[in-house]
Amino acid sequence: MSYPISIYKVILVTTLIFLIMVTKENAIHRSKLLNVLWDIQRKRRFISRDDMKKISKEFNISMIELEGVISFYHFFHLSNAGKYTIYLNCSTISQHKDYQAVKKTFQDELGILIGNVTKDNLFGFFKTSCIGLSDQETSALINGHPFTNLTPEKVQTIISKLRNGHSVESLSNDPKNNIQYTPKDEAKTIFFKTYSKGKGLSKLATLTPDEVIQLITKSKLSGRGGAFFPTGMKWEMCRNNKSDQKYIICNADEGEPGTFKDRVLMNKYPGLLIEGMAIAGYAVGAHEGIIYLRAEYLYLKESIEKTIKEFEESGLLGKNILGINNFDFTVHIQMGAGAYICGEETALIASMEGKRGEPSTKEYFPVEKGFLGKPTVVNNVETLCAVPRILEMGLDNYLSIGTKETPGTKLLSVSGDCKKLGVYEIEWGMKLRDFLSLIEAEDPYMVLFNGFSGECLSKVDFDREISGENLLAEHIQFNFKDPIEYSRKMSGVGLRSGGSIMVFNKSRNLIGILKNITKFFVAESCGICVPCRTGNFLLNKKINKIIFGHADIKDLEQIKEWSTIIKQSSRCGLGKTSTNCLLTALLKFPEEFKKYLTAESNFNHSFNIENAVENYNTIIQEIESTYE
């Protein structure tokens with residue numbers, strides 16, 4: 001029996017509608033996956049196979065896919081991580097403080113090496129990369145609680161008290177804000193001046209959404225996480241995409257090593273962030289805001305949620321905010337689980353949807369199809385905190401601060417070899433030399449500007465200004481033949497930073513610092529594209545070869561060649577910026593590399609006398625014990 005074609009069409013359309021509905025419901029449900037995994041990890045201290053079977057069934061995903069998600073994130077464990085899970089920061093700044101002594105004391109007190117769990121499952125001891133406390137090293141997290149300025153003596157006390165039943169909360173210490181500087185003219189301070197709840201938000205009573213976007217566009221505010229994409233343009237694109245639901249996401253996954261200014265902002269003025277998100281929601285027509293908070297900042301969650309509740313009780317969040325019809329906006333927090341790549345906006349969105357935090361191809365931008373397939377604005381903490389201040393102080397006053405291309409002020413996180421560690425709010429346009437004097441840098445030799453994905457600066461850069469003026473295409477600087485030519489051409493070119501400045505004097509081992517950086521990118525690459533996954537692994541091996549004294553000039557040329565390939569062909573910003581430090585170090589510090597080359601030295605750095613005689617000692621001991 002045959003049916004009319006129209007019936008088949010009806011069946012096909014009905015089936016498609018059903019599949020779309022099922023997919024949508026599953027997507028919304030799956031967005032709760034990270035929270036479920038966190039609940040189990042905290043209660044059981046690991047996620048067991050039985051837990052995985054239940055989760056797999058509940059979320060309708062395969063065991064293989066689920067294990068792929070769990071294993072992707074640093075803070076999820078498939079075996080017991082200990083009642084007290086200790087993560088010691090092993091990043092460069094920590095290693096230049098008391099890292100080795102602190103690590104040894106932890107190992108001695110616990111009776112295990114780092115990366116292991118005690119036999120009674122009481123303690124787990126692991127290393128982790130920068131946890132946003134570079135101004136208070138050596139630092140660690142125990143069950144999410146911060147411990148700063150650690151010494152061997154402090155470690156002994158902490159372990160002893162935990163064994164005697166003291167709570168982690170009672171032993172941990174709240175990190176200091178360490179706000180070291182704001183502009184001398186108080187009228188030029190934007191972020192760290194006195195805050196009054198709702199003052200910026202209240203300006204919406206006289207502004208339409210389009211007027212807000214125009215105001216932000218004219219302010220030239222751009223992404224302060226490091227990408228510097230124009231904020232007004234992003235908001236306008238999102239507003240122009242019609243949808244029944246839109247989202248505002250605050251990227252609080254401050255994972256760039258050496259950066260901690262967002263931590264300080266959220267700790268000091270969480271209300272400023274919430275206002276910025278609500279204003280963004282009003283401008284683009286979004287009704288829901290989500291703060292994606294990095295796992296390392298779990299200790300900030302309670303105070304932010306308390307502020308959200310205060311805003312709700314004050315009528316500054318919820319329905320018809322400020323009496324404006326249909327201005328409905330809510331905010332909640334989504335915890336990350338430890339993945340540097342989730343600072344990239346599409347990887348962050350994938351993580352929020354309960355997936356591996358892998359960046360997507362840019363077929364659609366998040367403002368078109370973002371979280372759950374809906375138009376989404378993703379902005380950095382500092383960017384969103386600037387918004388209510390601009391409304392509060394007025395456009396003209398804001399534009400009178402800073403430079404023409406980069407108005408306003410910039411927050412910088414300072415660590416390393418200087419006397420005044422902490423956060424600085426500076427007016428755009430300050431010379432780097434003046435900034436180094438301000439922080440009381442101690443004989444600065446190399447400045448790591450903008451974190452591990454930034455660039456190495458030497459004395460030839462010190463007369464450049466921190467701004468977005470006269471920027472050049474990134475690849476141009478790598479074509480200079482020598483540092484003198486570089487200095488002459490680049491002196492008038494501005495420096496833009498996402499927020500990290502690490503200072504190193506000449507006593508530091510530059511190649512050792514680069515080794516730490518390449519190891520970081522090997523660990524943090526999501527692995528989805530070959531250039532980043534394999535390229536950074538091979539570069540790390542090349543650095544090892546240099547350190548061991550086995551490299552020659554051809555190896556340096558290969559490092560340059562491979563680094564360029566990785567920059568040009570990687571899928572996302574992580575890979576494209578992962579070799580910046582290596583390339584700029586080769587350009588500006590060639591002598592640091594040459595002294596390790598085989599042609600320059602007869603010393604074999606890879607030779608270790610203890611390893612060489614280890615078997616000999618064992619044999620001698622066995623012979624002696626036999627004769628005894």
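- Two residues are said to be in side-chain contact when any heavy atoms from C-beta on lie closer than 4.5 Å; Asn178 and Gln136 meet this criterion.
- Aromatic ring centres of Phe75 and Tyr87: separated by under 6.0 Å.
- Here the CD1 atom belonging to Ile274 is positioned 9.5 Å from the NZ atom belonging to Lys197, to the nearest 0.5 angstrom.
- Contact of the Ile142 side chain with the Ser172 side chain is not registered, since no non-hydrogen atoms from C-beta on lie closer than 4.5 Å.
- Looking at every heavy atom in both residues, Lys154 comes nearest to Thr148 through NZ-O, 3.7 Å.
- Each of Gln95, Lys97, Lys127, Glu137 was scored for a side chain to side chain donor-acceptor pair (under 3.5 Å) with Asn89, with one residue passing: Glu137.
- Closest of all the heavy-atom pairs between Leu201 and Ala278 is CD1-CB, 3.8 Å.
- Side-chain contact between Ser453 and Leu574 is absent, with no heavy-atom pair separated by less than 4.5 Å.
- Side-chain contact between Asn450 and Thr577 is absent, with no heavy-atom pair separated by less than 4.5 Å.
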Between Arg389 and Glu392, is a salt bridge (charged side-chain N to carboxylate O under 4.0 Å, His left out) present by the stated rule, with each step listed? CA-CA 5 Å; Arg389 292 302 201 192; Glu392 181 184 325; 3.3 Å; yes
Apply the test salt bridge (charged side-chain N to carboxylate O under 4.0 Å, His left out) to residues Asp135 and Arg263: give CA-CA distance (whole Å), side-chain angles for both, the deciding distance (0.1 Å), then the verdict. CA-CA 12 Å; Asp135 57 333; Arg263 163 180 63 80; 3.2 Å; yes
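- For the atom pair CZ of Phe365 and OG1 of Thr376, the computed distance is 14.0 Å after rounding to the nearest 0.5 Å.
- With respect to Leu412, the side chain to side chain contact (heavy atoms under 4.5 Å, CB included) criterion is satisfied by exactly one of Thr259, Ile466, Val423: Ile466.
- Residues Thr409 and Glu382 share a closest heavy-atom pair of O-OE2, 4.3 Å.
- Atom CE of Met446 and atom OG1 of Thr584 lie 8.5 Å apart (nearest 0.5 Å).
- With hydrogens and angles disregarded, a donor-acceptor distance shorter than 3.5 Å links the side chain of Lys246 to the backbone of Val284.
- Only one option out of Tyr73, Phe452, Phe520 pairs with Tyr340 in a ring-ring contact (aromatic ring centres under 6.0 Å, His included); it is Phe520.
- Within 6.0 Å of the CG atom in Asn320, the count of heavy atoms belonging to other residues, nucleotides or ligands exceeds 12.
- How far CH2 of Trp235 is from CD1 of Ile216: 5.0 Å, rounded to the nearest 0.5 Å.
- Distance CD/Glu254 to NZ/Lys261: 6.0 Å, rounded to 0.5 Å.
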Check against side-chain contact (heavy atoms from CB on, under 4.5 Å), Lys203 and Glu275: CA-CA 11 Å; Lys203 301 294 181 181; Glu275 285 191 48; over 6 Å; no
Step-by-step side-chain hydrogen bond (donor to acceptor under 3.5 Å, both in side chains) determination, Glu465 to Ser467: CA-CA 6 Å; Glu465 70 173 30; Ser467 76; 2.7 Å; yes
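- The backbone N or O of Gly357 sits nowhere less than 3.5 Å from a side-chain atom of Ser351 that would complete a donor-acceptor pair.
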For Glu405 and Arg496: C-alpha separation, side-chain torsions, deciding distance, then whether salt bridge (charged side-chain N to carboxylate O under 4.0 Å, His left out) applies. CA-CA 11 Å; Glu405 293 300 322; Arg496 290 194 305 187; over 6 Å; no
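- Shown here for Pro407 and Ser219, the closest heavy-atom pair between the two residues is CG-O, 3.5 Å.
- Crowding of Lys193 atom NZ: a count of heavy atoms from other residues, nucleotides or ligands under 6.0 Å exceeding 12.
- Under the 3.5 Å distance criterion, the side-chain polar atoms of Thr208 are matched with a main-chain donor or acceptor of Glu211.
- Annotation: the span from Lys103 atom NZ to Asp98 atom CG amounts to 13.5 Å, rounded to 0.5 Å.
- The two residues His74 and Thr128 make their nearest non-hydrogen contact at NE2-OG1, 3.2 Å.
- Ring geometry for Tyr247 against Phe371 counts as perpendicular: the plane angle is over 60°, on a 0 to 90° scale with 30° as the lower cut.
- Heavy-atom contacts from other residues, nucleotides or ligands closer than 6.0 Å to CD of Glu313 number more than 12.
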For the pair Ser91 and Ser94, evaluate side-chain hydrogen bond (donor to acceptor under 3.5 Å, both in side chains) and give the outcome as yes or no after the intermediate values. CA-CA 5 Å; Ser91 200; Ser94 177; over 6 Å; no
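- Taking each heavy atom of Ile349 and Pro366 in turn, the nearest pair found is CD1-CB, 3.9 Å.
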Verdict with supporting geometry, Glu344 and Thr346, side-chain contact (heavy atoms from CB on, under 4.5 Å): CA-CA 6 Å; Glu344 197 275 343; Thr346 60; 2.5 Å; yes
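- Side chains of Leu298 and Leu141 form no contact here, defined as non-hydrogen atoms less than 4.5 Å apart.
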